[in-house]
Amino acid sequence: MTGPGIPIRPKARLAGLWAALALVCLAAACRRQAAPRPLLQTSLLKIYSGDFRGAILDLTELLKAEPANARAFYFRALAHKELRNMAAASADFTRAMELDPAASGAAYQRGLARRELGELLGARADFTQAIASRPQVPELYYARAQVLGSLGLWREAEEDLNHALGIRPIFYAALVDRGHLKARRYAFTAALEDFGRALSASRDYADVYIARAKTLWWRGERQDYPAALADLGKALELIPGKIDVLEQRAQLHKSLYHYEQAAADLAAAMAVNPAVARLFMRRGEIYRNISADGGARGFYDAAVADLTRAVELAPKVGSAYFFRADVKEALDDDAGALADYQSMLRINPKDSEAFRGLCGLRRGQGRLKEALEACGKAIDFAPRYADAYRGRCLTHLDLGKLREALSDCESSVEYDPGHDDAYVARGDVYADPRVRKFEKAEADYRQAAKLNPRKEARMKERLERLHELRGQP
């Protein structure tokens, strides 16, 4: 990425761009100067055949005899650039521009070299100079947009992409990058339109499918998720075994409670690289969820194995300890769970997840005051941590503090309206015989089952209990 929201296009996609501008510059130079000497002609042939080192040697020899030959500096710079010698390329482009200020292609090329060197302000100035000379070349606006994105100037970057697309309406790279910027400012529908137009230009690049899938996911409308899964599937057809795409699809499956499919994607990613701790942590969490949502308890053992491997690979990552501790609690290993939460707090004394975990552990042990204190700390360190409010809600309910319990459950739903457990907790408060808001409890239980079909059986049991309570005075 050149910066948030602006990915650099793969080199192959723009491979012909510098060559086209180089030819423009060469043609102009030939009109201004005498015909190229044989050594210059030979070096140009080497550049276009891919013998960049040979071209540099020829041009260096020529410059010994003709130290003011602007074209020789320009083409040697191109050869250096192809060999990723960006500092040498930038220096040669600068010398070419000093010797021939009218060489418009040199400013653009130096801008590309400076961008690679991280000299973003200089690159921006070069692209601006190139645009002033050739305002109808869309690639120049595109190049400046990438630099602007790297500088965090996203509005200006989008304006440049608009200029590029005004000149060439079907400019694949510009459409994709403008889509990223639109998604960044939550203009999801407009972003999806740009990705769709990019796909109308070419369906051979995986990045646009990935970008569209992310946008569909970020939009947060669950009816979009199947389309997002389809796009990630197409991306994997083009780039099989791409770990980050497999991981993204696994997370999307997890959001839909497709745990088995999620685990399969993570296993495929692990087959590519078995040393990524995050993959083991994610699969361990999924195995935990399978058991927690009514699956076989054997998945807890598989979860512990995966999470232990994650801890071994990344001993400073607290989330792996958190999930393992949660599984240990389910297996009645309170001492092991406490040790994991303490490990998290040694890594980060303000870890809100660790305090949330301690809240659940102490509540399960009946130590409700300690549970309240732990959840309070979790909320202090992460004021919008929905699950911490849920934990405190349930603790307040155990203590008979119904008003406080309902307030915390409302916060849990507000901060994470797509999480089924938040509705279950609030439903439990409404269903309490001291509250007796049975219709609201029923609505919450049904919403939880809708969000997570794996909980249908458990929600059915709660609904049956509601029916019994309604018949009681």
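If you read the sequence from its start, that first residue is 1, and numbering goes on from there.
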- Do Q447 and L451 pass the side chain to side chain contact (heavy atoms under 4.5 Å, CB included) test, and can you show the C-alpha distance, the side-chain angles, and the key distance before you say yes or no? CA-CA 6 Å; Q447 179 64 13; L451 288 170; 3.7 Å; yes
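The shortest distance between side-chain heavy atoms of Q146 and F127 does not fall below 4.5 Å. Using a 4.5 Å heavy-atom threshold, the side chains of L469 and R465 count as touching. Proximity of Y205 to V176: side-chain heavy atoms (C-beta onward) are nowhere separated by under 4.5 Å. Using a 4.5 Å cut-off on side-chain heavy atoms (C-beta onward), V276 and M270 make no contact. Residues Y287 and L307 fail the side-chain proximity criterion, which asks for heavy atoms closer than 4.5 Å. With contacts defined as side-chain heavy-atom distances shorter than 4.5 Å, the pair L372/L399 qualifies. At a threshold of 4.5 Å between non-hydrogen side-chain atoms, the residues H419 and R390 do not count as touching. Considering only heavy atoms from C-beta on, R185 stays 4.5 Å or farther from W154 through its side chain.
The closest side-chain donor-acceptor pair between Y423 and N452, if any, does not fall under 3.5 angstrom. Looking at S343 and R346, their side chains do bring a donor and an acceptor atom within 3.5 Å of each other. Looking only at atom types and distance, the side chain of Y415 has no donor-acceptor partner in the side chain of D387 under 3.5 Å away.
A donor-acceptor pair under 3.5 Å links the side-chain atoms of T215 to the main chain of A211, judged by distance alone. Although no hydrogens or angles enter the test, the distance criterion places no donor-acceptor pair under 3.5 Å between the side chain of S90 and the main chain of M86. T395 places a side-chain N or O within donor-acceptor distance of the main-chain N or O of G391, the cut-off being under 3.5 Å. S202 places no side-chain N or O within 3.5 Å of a backbone atom of A198 that could act as its donor or acceptor partner. Side-chain atoms of R168 do not come within 3.5 Å of backbone N or O of P138 as any donor-acceptor pair. In this structure a side-chain-to-backbone donor-acceptor pair under 3.5 Å is present from S200 to R197. Panel note: side chain D351, backbone A354; a donor-acceptor pair is recorded below 3.5 Å. Looking only at distances, a side-chain donor or acceptor of Y141 sits under 3.5 Å from a matching main-chain atom of P135. Looking at Y389, its side chain does come within 3.5 Å of a backbone N or O of P383 through a donor-acceptor pair.
Across every non-hydrogen atom of Y300 and V327, the tightest pair is O-CG1, 3.5 Å. Heavy atoms only, all atoms of each residue included: C375 and R392 are closest at SG-N, 3.6 Å. Between A213 and A228, the shortest heavy-atom distance links the atoms CB-O, 3.5 Å. Among all heavy-atom pairs drawn from A190 and K182, the shortest one is CB-CD, 3.6 Å. Between A386 and D416, the shortest heavy-atom distance links the atoms CB-CB, 3.5 Å. Closest approach of R363 to A371, counting heavy atoms only: N-CB, 3.7 Å.
For the pair E373 and R362, the salt-bridge criterion is not met [side-chain N within less than 4.0 Å of a carboxylate O]. A salt bridge does not link E237 to K234: none of the charged nitrogens lies less than 4.0 Å from a carboxylate oxygen. A salt bridge links E442 with R470: the closest approach of a Lys/Arg side-chain nitrogen to an acidic carboxylate oxygen falls below 4.0 angstrom. Checked for salt-bridge contact, R84 and E116 meet the test: a charged N lies under 4.0 Å from a carboxylate O. E410 has no carboxylate O lying under 4.0 Å from a charged side-chain N of K440, or vice versa, which leaves the two without a salt bridge. Taking the charged nitrogens against the carboxylate oxygens, R462 and D428 do have a contact shorter than 4.0 Å, which makes a salt bridge.
Scanning for side-chain contact (heavy atoms from CB on, under 4.5 Å) contacts around D380 gives an empty result, with sequence neighbours left out. Qualifying side-chain hydrogen bond (donor to acceptor under 3.5 Å, both in side chains) partners for Y257, counting only residues two or more places apart in sequence or in other chains: D420.
More than 12 heavy atoms of other residues, nucleotides or ligands sit less than 6.0 Å from atom NZ of K455. Around CD of E439, the count of heavy atoms belonging to other residues, nucleotides or ligands within 6.0 Å does not exceed 12.
Listed by first then second residue, pairs satisfying side chain to side chain donor-acceptor pair (under 3.5 Å) with a partner in residues 312-324 read T308-R324, R309-E312, S319-E353, R324-D340, not counting sequence neighbours.
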